[in-house]
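Quick caveat: nothing in here was measured; it's all calculated off a predicted structure.
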Amino acid sequence: MLLKAASTTGVLLLCLVVFATADASQRSSAKHNTSSLWKTLSGDVPLTIARGGFSGIFPDSSLYAYNLALMIGSPNMILWCDVQLTRDGAGICFPELTLDNGSDIWSLFDKRKKSYLVNGASRSGWFSVDFTLDTLTKISLTQGIFSRPNIFDQSLFQVVTVEEVARQLKPPGLWLNIQHDAFFSEHNLSMSRFVISASRSVVVNYISSPEVNFLRNIVPRFKGSPTKLIFRFLGQGIEPSTNQSYGSLLNNLTYIKTFASGILVPKTFIWPLDRDLYLEPHTSLVLDAHREGLEIFASDFSNDVPFAYDYNYDPVAEYLNFIDNDNFSVDGVLSDFPITPSEAIDCFSHMGNNLSGPANPLVISHEGASGVYPGCTDLAYKQAILDGVDVLDCPVQMTKDGTPFCLGSINLIDGTTAAQTFSNQITNIPELDGNGIFSFSLDWSDIQSLKPVISNPYRDASLYRNPRNKNAGNFLALSDFLALANNASSVLGVLIRIENASYLAEKQGLSVIDAVVDSLSKAGYNNQTRKKVMIQSSSSAVLIKLKEEKNNYEFVYDIEEDISDTLNSTILDIAKFANSLVINKKSVYTENQHFLTGATDIVSKLQAFKLAVYVELFQNEFFSQAWDCLSDPYVELNLFFSGSGVDGVITDFPGTANRYRRNRCLTLGNKTPKYMDPVGVGHDGLLSVSKTQPPAEAPNPVLTLSNVTEPPFPATVVKPDADNRTSSGATAPSPKQPSGQAKVAGSSFLLSLAILLATLIL
């Protein structure tokens with residue numbers, strides 16, 4: 001069968017097949033002799049099973065999905081095919097009994113929709129039993145999960161048969177999943193006859209089914225065959241051929257052993273979740289199955305759906321919990337994103353509990369481990385230390401009584417419960433982006449009375465961070481933060497972020513620069529070399545003023561805008577006041593429609609001038625990553641470190657970044673498995689398909705000298721004290737309101753009420 005796509009697409013597909021075959025020897029080098037470490041039934045490495053190929057990106061069961069899985073998956077990759085039968089008895093790979101969700105059949109044959117009884121329940125749609133194989137070659141496969149990229153729906157991916165998958169791709173293993181045997185029998189089609197015939201013409205390694213009678217009927221035909229029969233459990237429903245619940249069958253593994261050599265279960269059968277999506281203690285199912293001599297495989301793994309909060313959106317951490325714990329290992333995992341279990345098995349397993357890693361890339365926290373606990377709290381910082389962070393960060397804000405403390409925003413509505421407690425303090429300050437309750441309006445004692453609020457940057461996608469601890473922890477004064485970091489032997493240094501310093505000096509009479517320098521001196525950071533001190537700011541005037549004082553700090557210039565390049569003269573000017581830079585991810589790799597469209601040389605250009613380059617912001621949620629990174633935070637980290645050579649990463653999840661740099665695949669050189677090579681971008685990328693790759697957008701601006709040059713840092717204006725008297729005791733006139741700053745008045749009441757109500761709802 002030939003694809004209907006344009007000739008260039010066909011050529012690309014041929015190249016993918018050739019590449020996958022030619023790369024087999026390289027991928028096989030990723031095998032490592034750790035069989036004695038695995039707690040699988042056989043002691044062998046667990047299997048990675050690609051459900052419909054790489055169905056997390058390409059349409060399920062398309063040749064492109066299968067090819068991508070083979071290209072970047074483990075050497076023992078198993079391709080999964082959900083078998084449906086056509087009217088003329090052909091076996092096609094398609095994820096559902098009805099064809100409308102996952103293809104465009106509804107638009108081509110709108111009048112051929114039908115309803116049938118399936119296991120006693122009425123079901124409507126377009127069924128494969130009503131079409132011949134030749135007719136189905138006219139439809140195109142589409143992405144059936146709407147949260148996944150639909151750009152490939154235009155690529156005219158054709159339905160493929162079981163034989164085509166086996167013969168064209170020659171996978172290391174093929175797994176056929178058979179469901180609705182009784183339904184097909186009612187239409188004079190025999191699944192038993194099909195699988196027996198298929199196994200004679202192609203190698204079928206596994207056959208699974210959730211129907212007892214189907215497996216019992218074929219087990220005599222596969223006796224002595226290398227093909228393994230697997231009984232699949234479907235949640236807590238009813239098994240149709242015996243009318244028993246799957247739960248009751250789970251308690252009779254001895255019976256299952258009479259017709260199957262293994263079982264396939266949802267992952268929650270092994271690690272149950274409570275109603276709040278937190279892990280409960282694991283069951284004994286894996287050990288029970290192995291004791292019975294049954295292999296056990298776990299299903300429902302996917303990087304782009306919420307899973308247990310305990311994993312903090314780290315998919316490798318989830319896989320490791322199934323394959324690398326002190327008690328058991330499943331024999332294989334069924335995944336929509338097979339690159340991730342491939343990494344977990346070959347690169348991240350059996351690394352032990354020692355969190356120390358190589359020096360590069362430098363792992364810098366963003367408000368501590370703010371993906372796990374509310375940012376800038378004691379719990380977030382302690383978690384970052386436990387996770388192996390190198391540099392602990394503190395974005396410094398100032399209170400009304402002059403106390404420097406750590407918080408990600410000068411506006412207390414961001415990250416605290418201030419809107420509930422101090423709504424009468426809401427003011428409008430255009431220089432600080434409008435309405436807010438600002439840190440300099442409250443004393444330190446007021447700040448300490450507030451509760452923190454965890455950041456949920458992807459709330460709109462229903463991706464929430466650690467809701468049980470959304471208000472946990474306490475805020476730290478800068479002095480307490482410095483003491484915490486100083487007492488943590490694993491922490492290499494601290495990064496102090498200074499923003500809005502000019503406004504605070506001119507309009508509020510607060511010198512954040514003096515407060516930071518004084519705190520560092522009192523904490524002993526000026527008299528020791530054990531801890532690095534980094535000062536970061538997007539204001540060149542701040543860094544110039546600090547450098548004039550000849551402090552032995554690393555000065556970090558933060559370029560907040562996305563840039564495509566910078567002039568050499570600009571870099572030379574930056575080098576006068578900074579040792580390193582922070583740039584955004586989009587300044588390194590350009591994006592359009594959430595796809596990577598190109599790469600800049602900004603990192604190497606800055607490094608050529610002896611400037612270190614740190615990139616922000618890395619997060620685990622799949623929404624934060626371009627599609628090219630395959631919804632895997634490790635693929636993204638690998639792209640920036642191995643692909644562009646950044647010196648450090650700034651992350652909400654330092655545990656993930658530290659685990660990445662410790663993985664053993666980084667030291668394999670030319671034997672590095674394909675799944676740990678940096679992904680390509682643009683037309684050289686893995687996801688480049690003819691006429692579907694988004695075009696590059698207009699380039700980001702070039703950083704010039706005018707973007708960097710600022711007026712000298714202003715002097716701090718002496719502000720009258722709280723009782724409206726100057727330091728000499730004389731009565732001072734009422735202070736003039738800062739430009740654009742409104743007094744708190746009746747007009748602010750409705751705004752305060754609105755913010756309070758919104759906060760309570762959240």
Side-chain angles (χ1 to χ4, degrees), residues 12 14-35 37-38 44-48 50 54 67-77 169-173 316 319 337-352 356-363 588-589 596 598-599 601 603-604 607-608 613 615 628-630 632-649 656-688:
L12 178 56
L14 178 60
C15 291
L16 291 178
V17 176
V18 172
F19 180 84
T21 303
D23 189 54
S25 61
Q26 180 181 1
R27 291 189 292 113
S28 66
S29 67
K31 291 183 178 180
H32 45 84
N33 186 21
T34 59
S35 60
L37 297 176
W38 296 106
D44 293 334
V45 175
L47 295 177
T48 297
F54 211 120
N67 265 302
L68 183 59
L70 291 178
M71 283 177 60
I72 58 178
S74 61
N76 62 350
M77 177 68 65
L169 304 182
K170 296 179 174 58
V316 165
Y319 285 109
F337 294 83
I339 189 173
T340 308
S342 299
E343 300 165 347
I345 292 168
D346 279 341
C347 302
F348 293 93
S349 60
H350 306 130
M351 293 198 304
S356 63
N360 291 315
L362 198 69
V363 177
V588 183
Y589 294 102
L596 300 177
D601 63 353
V603 173
S604 59
Q607 290 172 336
V613 180
V615 176
D628 307 71
C629 294
L630 309 174
D632 185 326
Y634 293 89
V635 174
E636 183 181 51
L637 286 164
N638 196 49
L639 173 64
F640 280 84
F641 177 58
S642 297
S644 63
V646 302
D647 296 286
V649 294
T656 297
N658 188 41
R659 179 183 280 123
Y660 160 74
R661 67 179 180 179
R662 294 174 56 233
N663 86 81
R664 58 178 161 270
C665 290
L666 289 179
T667 63
L668 295 180
N670 59 9
K671 294 182 179 180
T672 300
K674 196 63 186 173
Y675 40 86
M676 286 305 292
D677 280 343
V679 294
V681 299
H683 293 291
D684 296 325
L686 292 169
L687 307 188
S688 178

Using side-chain hydrogen bond (donor to acceptor under 3.5 Å, both in side chains) as the criterion, list what pairs up with [X], not counting sequence neighbours.
{"X": "Thr340", "result": "Asn303, Asp632"}
{"X": "Ser642", "result": "Asn638, Tyr660"}
{"X": "Thr656", "result": "Asp314, Asn620"}

Between Leu639 and Cys629, does a side chain to side chain contact (heavy atoms under 4.5 Å, CB included) hold up when you go through it step by step?
CA-CA 8 Å; Leu639 173 64; Cys629 294; 4.2 Å; yes
Quick one: pull up [atom1] in [X] and [atom2] in [Y] and give me the separation to the nearest 0.5 Å.
{"X": "Thr48", "Y": "Phe337", "atom1": "OG1", "atom2": "CZ", "answer": "14.5 Å"}
{"X": "Arg662", "Y": "Thr667", "atom1": "CZ", "atom2": "OG1", "answer": "12.5 Å"}
{"X": "Leu70", "Y": "Leu169", "atom1": "CG", "atom2": "CG", "answer": "6.0 Å"}
{"X": "Glu636", "Y": "Leu596", "atom1": "CD", "atom2": "CG", "answer": "8.5 Å"}

Apply the test side chain to side chain contact (heavy atoms under 4.5 Å, CB included) to residues Cys665 and Glu343: give CA-CA distance (whole Å), side-chain angles for both, the deciding distance (0.1 Å), then the verdict.
CA-CA 9 Å; Cys665 290; Glu343 300 165 347; over 6 Å; no
Is any side-chain heavy atom of Leu630 less than 4.5 Å from a side-chain heavy atom of Phe54?
yes
Do we see a donor-acceptor contact under 3.5 Å between the side chains of Tyr675 and Asp346?
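Note: Tyr675 and Asp346 side chains meet the donor-acceptor criterion.
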Side chain to side chain contact (heavy atoms under 4.5 Å, CB included) between Asn663 and Met676: does it pass, once the steps are laid out?
CA-CA 10 Å; Asn663 86 81; Met676 286 305 292; 3.6 Å; yes
Could I get the full list of ring pair (Phe, Tyr, Trp, His ring centres under 6.0 Å) partners for Phe641, not counting sequence neighbours?
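Expected list: none.
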For [X] and [Y], which heavy atoms make the closest approach, and how far apart are they?
{"X": "Asn76", "Y": "Val45", "value": "ND2-O, 4.1 Å"}
{"X": "Val649", "Y": "Ala657", "value": "CG2-CB, 4.1 Å"}
{"X": "Ile72", "Y": "Lys674", "value": "CG2-CG, 4.2 Å"}

Does the side chain to side chain contact (heavy atoms under 4.5 Å, CB included) test come out yes or no for Arg659 and Cys347, once each step is laid out?
CA-CA 10 Å; Arg659 179 183 280 123; Cys347 302; over 6 Å; no
Close aromatic pair by centroid cut-off 6.0 Å: Tyr634 and Phe348:
yes
